Amino acid sequence: MTIFANVSIMNYAVHLLAGALLMVVFFIIYTRVTVYDEMALIMQGNSAAALSLGGTLLGFMLTIASAILHSANLVEFLIWAAVAMLVQILAYMIAAKLLHMSQHQIESGNTAFGGLLGAISIAAGILNAACLS
């Protein structure tokens, strides 16, 4: 194994670990920002909460993947990750305001509404990811 292979493996490991940690950090922040307890609802079988949270995680990770691909170094990647978190949280806040979202929509299991919130988050993530190229 050459030194270049070792550098590639280290680069892979660093980005994989950083991406996984960022996903956990984002999950914690996002679930504190929303007005309902996604995990409690999901544990009760609430599909609307799962669709909304799942879409948000996918949207965030799309941007993380793009940031890994387009960043020159780890610091730049972490800056873009912070921007991605902000964009996803803003997307939720704006969607909730524009859709006159009430906590009841998700808590009552309105899967159409949960799916819409998830799709909005994925769309925000795709747009955010594309802007990094």
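One is the number of the first residue; the rest follow in order along the sequence. Worth saying up front: this structure is predicted, and the values here are computed from it rather than measured.
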Considering only heavy atoms from C-beta outward, does the side chain of Y30 approach that of E38 to under 4.5 Å?
yes

Taking all non-hydrogen atoms of both residues into account, name the closest pair between V33 and M93 and its distance.
CG1-CE, 3.9 Å

Would you give the length of the straight line joining atom CG of L62 to atom CG of L57, rounded to the nearest 0.5 angstrom?
11.0 Å

Correct closest heavy-atom pair for F60 and A81 would be CE1-O, 3.8 Å

Is it possible for you to say whether L69 and M10 belong to one hydrophobic cluster, with membership spreading through side-chain heavy-atom contacts below 4.5 Å?
no

When you group the ILVMFWY residues by side-chain heavy-atom contacts below 4.5 Å and let the links chain together, are I64 and L53 in the same group?
yes

Would T56 and Y92 count as a side-chain contact (heavy atoms from CB on, under 4.5 Å) here? Give the steps.
CA-CA 8 Å; T56 298; Y92 162 76; 5.8 Å; no

Could you give the side-chain donor-acceptor pairs of residues 14-29 under 3.5 Å, partners two or more places apart or in another chain?
unit_1 : atom_1 : unit_2 : atom_2 : d
H15    : ND1    : N11    : O      : 2.9
H15    : ND1    : N11    : OD1    : 3.0

Would you say I68 and M61 are hydrophobically clustered, going by side-chain heavy atoms of ILVMFWY under 4.5 Å?
yes

Cluster check L58, I42: I/L/V/M/F/W/Y, side chain < 4.5 angstrom
no

CD (E107) and CD (Q44) are apart, to the nearest 0.5 Å, by 9.0 Å

What heavy-atom pair brings G55 and I122 nearest, and what distance separates the two atoms?
O-CG1, 3.4 Å

How many angstroms lie between CZ in F113 and CD1 in I106, if you round to the nearest 0.5 Å?
6.0 Å

For L117, does its backbone N or O pair with a side-chain atom of S121 as donor and acceptor, under 3.5 Å?
yes

What's the separation between atom OG1 in T111 and atom CG in L116, rounded to the nearest 0.5 Å?
11.5 Å

Is there a path of hydrophobic side-chain contacts, each under 4.5 Å between heavy atoms, that joins V87 and W80?
yes

At what distance, to the nearest 0.5 angstrom, does CG of L90 lie from CE of M85?
13.5 Å

If you look at every heavy atom in L132 and S66, which pair is closest and at what distance?
CB-OG, 3.6 Å

Here the gap from I79 atom CD1 to L74 atom CG, rounded to the nearest 0.5 Å, amounts to 10.0 Å

